[in-house]
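The structure appears right after this line, and notes come after that.
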Amino acid sequence: MRVAVVTFDGFNELDSFIASALINRCRKDGLEAFITTPTPVVTSMNGVEVTGQRPMEFVTEADVVLIGSGVKARDVVADDRLLARLPLAPSRQLIGAQCSGALVLARLGLLDGMPACTDVKSRPFVEADGITVLDTPFHAEGNIATAGGCLASQYLATWVITRTLGEDAARDVMGYVAPVGENQETVERALRAVGAGEVALR
């Protein structure tokens, strides 16, 4: 199972790297994430240059697609040619968005009829697209999920791991990366956030 972590120019490092790093702890179980970029090299909001592991066309092959956020999200959604390179299929793919990535899902019509999570700065723009924004860090309906707040990327990763490999795998990953002495608390918080988000407003 392969995960495309879609990462645009101006990306937020916390969003793309936390999700991909957590998911890649499941490589031995057959789940692997790849930084997927529209150009060979993208530059983060803090000037970090990253070489993409897969081109944008990889999204059509991936089992899971996560749309990262960044300071140029509004430029992304205004670029019809770029959006055309994201032919997502929620009937066969798990699709998630982090913070301003919700703008991309909204523009692609994937949030019609469902609320979403996003960050404080992106909220008015997501709402302008007619999407109800929740005051929670994670929400999922079916195969589509959104997360709000940079560190909520751990919840997006927890959702992906739980949906593909099961709760025990998610517990193992989150327990390993948790701050020492906070293992159980971290695991339960992540699973609680994902569980609450999946049943909210259904």
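No donor-acceptor pair under 3.5 Å is formed between the side chain of R163 and the backbone N or O of L94. No donor-acceptor distance shorter than 3.5 angstrom exists from the side chain of T118 to the backbone of A116, with no hydrogens or angles considered. Although no hydrogens or angles enter the test, the distance criterion places a donor-acceptor pair under 3.5 Å between the side chain of N12 and the main chain of L14. A side-chain donor-acceptor contact under 3.5 Å links N24 to the backbone of S20. No donor-acceptor distance shorter than 3.5 angstrom exists from the side chain of E185 to the backbone of E182, with no hydrogens or angles considered. Remark: side-chain polar atoms of T162 are not paired, donor with acceptor, to backbone N or O of E167 under 3.5 angstrom. Here the side chain of T146 pairs a donor or acceptor atom with the backbone of C117 at under 3.5 angstrom. Side chain of E188 to main chain of Q184: no donor-acceptor pair is present (N/O by atom type, distance under 3.5 Å, no hydrogens or angles). A donor-acceptor pair under 3.5 Å is formed between the side chain of R107 and the backbone N or O of V77.
Across every non-hydrogen atom of G52 and T37, the tightest pair is CA-OG1, 3.4 Å. Scanning all heavy atoms of the two residues, the minimum distance from P38 to L82 falls at CB-CD1, 3.7 Å. Shown here for A19 and L66, the closest heavy-atom pair between the two residues is CB-CD1, 4.2 Å. Taking each heavy atom of L165 and C26 in turn, the nearest pair found is CD1-CB, 3.6 Å. The two residues L105 and A97 make their nearest non-hydrogen contact at CD1-CB, 3.5 Å.
Atoms CE and CG, on M1 and D29 in that order, are 8.0 Å from each other to the nearest 0.5 Å. In this structure, CD1 on I23 lies 14.5 Å from CZ on R2, to the nearest 0.5 angstrom. Summarising the geometry, atom OG1 belonging to T36 is positioned 10.0 Å from atom CG belonging to L86; distances are rounded to the nearest 0.5 Å. Residue M114 holds its CE atom at 5.5 Å from CD1 of I144, rounded to the nearest 0.5 Å. A distance of 5.5 Å separates CZ in R85 from CE in M56, rounded to the nearest 0.5 Å. One distance of note links CD of E141 with CG of L111; it measures 9.5 Å at 0.5 Å rounding.
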Using side chain to side chain contact (heavy atoms under 4.5 Å, CB included), reason through K72 and F8 one step at a time and then give a plain yes or no. CA-CA 8 Å; K72 297 184 179 180; F8 300 106; over 6 Å; no
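Geometrically, R74 engages F125 in a cation-pi contact defined by less than 6.0 Å to the ring centre and at most 45° from the axis.
In terms of hydrophobic clustering, with Ile, Leu, Val, Met, Phe, Trp and Tyr side chains grouped at heavy-atom distances under 4.5 Å, L22 and L191 are assigned to a common cluster. Note on I67: it does not cluster hydrophobically with L151, by side-chain heavy-atom contacts below 4.5 Å among ILVMFWY residues.
Here the side chains of D9 and T39 are not in contact, with every heavy-atom distance at 4.5 Å or above.
With no hydrogens or angles considered, no side-chain donor-acceptor pair links Q98 and S153 at under 3.5 Å.
Ion pairing between a basic and an acidic side chain is recognised when a charged N comes within 4.0 Å of a carboxylate O; D135 and R123 show such pairing.
Under the ring-ring contact (aromatic ring centres under 6.0 Å, His included) criterion, F17 pairs with F11, sequence neighbours left out.
Results of the side chain to side chain contact (heavy atoms under 4.5 Å, CB included) test with C150 over I18, D15, D119 single out D15 as the only residue that passes.
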